[in-house]
Amino acid sequence: MVRLGVLVSGHGTNLQSIIDAIESRRISAEIRVVVSNNPGAYALERARRHGIPVEVVEGGSYASREEYDRVLVELLRRYGVELVVLAGFMRILSRVMISAFPMRIMNIHPALLPSFPGLDVQKKALEYGVKFSGCTVHFVDEGVDTGPIIIQAVVPVRDDDTVESLRQRILKEEHRIYPQAIQLFAEGRLVVKGRRVFVKGDAGDVACGGVLENPSVTVFDGEDG
Ligand code: GRF
């Protein structure tokens with residue numbers, strides 16, 4: 001069982017997919033708190049409906065990104081959060097957050113990284129003319145959409161796609177792979193070696209495919225660790 005803090009800013013369909021995965025026992029996790037920088041985020045309504053505590057930390061009153069993140073770290077620690085899940089959180093995290101939760105912050109991005117980092121990426125993918133796009137779950141480092149990749153899903157781009165139709169097709173895959181990545185973390189199966197994230201073997205390495213007591217990610221620092 002891994003204790004999650006989910007950070008949101010908007011509609012919260014990814015949050016919903018995680019809630020649904022937990023409630024149907026497809027993943028072994030508990031959402032301790034949902035935090036938004038936007039008090040009007042519909043995601044907060046979703047959390048409330050499921051009895052999940054919500055907190056709003058608006059950006060305006062903090063002098064710097066670091067100062068904001070210190071409040072965030074304190075809040076997440078107070079709720080006993082082990083894994084921070086960014087689900088449409090529209091702020092860039094500073095070193096303060098990254099170093100407080102090293103390889104314990106995940107993000108989902110609606111493109112196949114390293115193609116199309118940043119914003120409005122479904123539009124950029126269409127305009128570029130790629131035949132496939134998709135989504136990426138990755139650990140968060142100090143760059144924007146640059147951290148080690150955990151899972152990707154590929155989605156075809158159709159000739160008659162609009163930004164919205166492509167967005168919807170990608171979202172469907174987001175809702176599938178984000179809970180999956182969280183479950184791999186909960187089972188302690190993610191091994192990070194440099195930029196690469198390996199998933200420890202299905203049967204042998206994890207007793208009964210069960211959930212380990214101390215959810216964690218193994219990080220090798222050395223070159224050939
Ligand atoms: C998703 O497309 C996600 O990939 C991106 O922000 C969007 C959030 O959507 N990071 P929602 O709020 O989960 O519906």
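Every heavy atom of this structure was used, including side-chain atoms; hydrogens, water molecules and symmetry mates were not. Indexing begins at 1, ligand by ligand and atom by atom, following the structure's order.
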Pair Asn37, Ser9: side-chain N/O donor-acceptor within cut-off below 3.5 Å: yes
Electrostatic pair Asp69-Arg95, nearest N-O below 4.0 angstrom: no
Are there any N/O pairs under 3.5 Å between ligand 1 and the protein, and if so, what are their distances?
residue: ligand 1; atom: 2 (O); partner: Glu174; partner atom: OE1; Å: 3.4
residue: ligand 1; atom: 2 (O); partner: Glu174; partner atom: OE2; Å: 3.2
residue: ligand 1; atom: 4 (O); partner: Ile108; partner atom: O; Å: 3.4
residue: ligand 1; atom: 4 (O); partner: Glu174; partner atom: OE1; Å: 2.8
residue: ligand 1; atom: 4 (O); partner: Glu174; partner atom: OE2; Å: 3.3
residue: ligand 1; atom: 10 (N); partner: Ile108; partner atom: O; Å: 2.8
residue: ligand 1; atom: 12 (O); partner: Gly12; partner atom: N; Å: 2.7
residue: ligand 1; atom: 13 (O); partner: Thr13; partner atom: N; Å: 3.3
residue: ligand 1; atom: 13 (O); partner: Asn14; partner atom: N; Å: 2.8
residue: ligand 1; atom: 13 (O); partner: Asn14; partner atom: ND2; Å: 3.0
residue: ligand 1; atom: 14 (O); partner: Thr13; partner atom: N; Å: 2.8
residue: ligand 1; atom: 14 (O); partner: Thr13; partner atom: OG1; Å: 2.6

Short side-chain donor-acceptor distance under 3.5 Å, Asn14 and Glu174: yes
Please output the side-chain donor-acceptor pairs of residues 112-130 that fall under 3.5 Å, not counting sequence neighbours, one pair per line with the distance.
residue: Lys123; atom: NZ; partner: Glu127; partner atom: OE2; Å: 3.2
residue: Lys124; atom: NZ; partner: Leu119; partner atom: O; Å: 2.8

Lys/Arg cation over aromatic Tyr79: Arg3, 6.0 Å, 45° cone: no
Salt-bridge contact Arg176-Glu173 (side-chain N to carboxylate O under 4.0 Å): yes
